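Taking it in order: structure first as structure tokens, then the write-up.
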Amino acid sequence: MSSTYVRTQIKNFLTTIAPTETFIDLTARFEDIEDLITDAGLDRMDPWIGLQFVGNEEIPITIGADNTKGKYRELGAVFIHIVDVAKLGVGDTILGRAETLRGLLRGRRVGTLFIESVSPPNFEQGATLQFEAGYMSASFIATYTNDVDL
């Protein structure tokens, strides 16, 4: 899981650049989908975006860095799942929302974070959220680096 700083910065940035979207942090969430969207203040028919934070590693990038001094670099990714109710033509709507977010994230600095890359959206099974019925999703991945001075 990504650091608290990274999670907060990404969530604040996304809600600022896409104020009409509802973002739900899916990290370590196991409740029923209905409970998940209700807790977010949504109706079953509302679109939403799920976020999953995946930390990779934190490595020293200055000589002599230790637990009290130096600079460290956190590497990780955010899986961004664009979700909507399954209906004819919704794939194009989901794709449009994904492309908008990708464009707003690509190459951005968010505080001390740098968004290194964004993947193309993927609708395929195993590459996005899977629902038993009622929803469709596409996902893309934004990788980041975050430098921390101790």
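Computed from a predicted structure; not experimentally measured.
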Could I get the full list of side chain to side chain contact (heavy atoms under 4.5 Å, CB included) partners for D32, not counting sequence neighbours? E34, D35
Listed once per pair and sorted, the side-chain hydrogen bond (donor to acceptor under 3.5 Å, both in side chains) pairs that draw on residues 116-127, sequence neighbours left out: S117-T143
If Ile, Leu, Val, Met, Phe, Trp and Tyr residues are connected whenever their side-chain heavy atoms lie under 4.5 Å apart, and connections chain through other members, are I49 and I141 in the same group? no
Minimum side-chain heavy-atom gap L105-L14 below 4.5 Å: yes
Between atom CG of N146 and atom CZ of R109, what is the distance when rounded to the nearest 0.5 Å? 10.0 Å
Quick one: are I82 and I80 in side-chain contact, heavy atoms under 4.5 Å? yes
Shared ILVMFWY cluster between M45 and L36, side chains joined below 4.5 angstrom? yes
For T128, which residues count as a side chain to side chain contact (heavy atoms under 4.5 Å, CB included) partner, sequence neighbours excluded? H81, Q130, S137, S139
Who passes side-chain hydrogen bond (donor to acceptor under 3.5 Å, both in side chains) against Y135, sequence neighbours left out? R44
One should read off an interatomic distance between Q52 CD and S2 OG, to the nearest 0.5 angstrom, of 11.0 Å
side-chain hydrogen bond (donor to acceptor under 3.5 Å, both in side chains) partners of E74, counting only residues at least two apart: S3, Y144
Could you see if F140 belongs to whatever hydrophobic cluster contains M136? Use Ile, Leu, Val, Met, Phe, Trp, Tyr and a side-chain cutoff under 4.5 Å. yes
For N56, side chain to side chain contact (heavy atoms under 4.5 Å, CB included) partners two or more places apart: L75
The reported gap from CD1 in I33 to CG in L129 (rounded to nearest 0.5 angstrom) is 7.5 Å
Sorted by chain and residue number, the side-chain hydrogen bond (donor to acceptor under 3.5 Å, both in side chains) partners of R73 (sequence neighbours excluded) come out as D147
Drop me the distance from L104's CG to I17's CD1, to the nearest 0.5 angstrom. 4.5 Å
Are L51 and V110 connected in the hydrophobic side-chain network, where two residues link if heavy atoms are under 4.5 Å apart? yes
Which Ile, Leu, Val, Met, Phe, Trp or Tyr residues join V148 in one cluster when any pair of side-chain heavy atoms under 4.5 Å counts as a link? Y72, L150
Would you list the pairs meeting ring pair (Phe, Tyr, Trp, His ring centres under 6.0 Å) in which at least one residue belongs to residues 1-29, sequence neighbours left out? none
Would you please name every residue forming a salt bridge (Lys or Arg N to Asp or Glu O under 4.0 Å) with D149, sequence neighbours left out? K71
Residue list, side-chain hydrogen bond (donor to acceptor under 3.5 Å, both in side chains) with T22, at least two apart or on another chain: none
Only pairs under 3.5 Å count here: list side-chain donor-acceptor contacts from residues 89-101, not counting sequence neighbours, and write none if there are none.
unit_1, atom_1, unit_2, atom_2, d
R97, NE, E21, OE1, 3.4
R97, NE, E21, OE2, 2.9
R97, NH1, V83, O, 3.1
R97, NH2, E21, OE1, 2.8
R97, NH2, W48, O, 3.3
E99, OE1, R102, NH1, 2.7
E99, OE2, R102, NH1, 3.2
T100, OG1, G96, O, 3.0

Take a 6.0 Å sphere around CD1 of I63 and say whether it holds more than 12 heavy atoms from other residues, nucleotides or ligands. no
Determine, stepwise, if the pair V6 / L113 fulfils side chain to side chain contact (heavy atoms under 4.5 Å, CB included). CA-CA 7 Å; V6 166; L113 281 92; 3.7 Å; yes
What's the spacing between D25 CG and I10 CD1 if we round to 0.5 Å? 11.5 Å
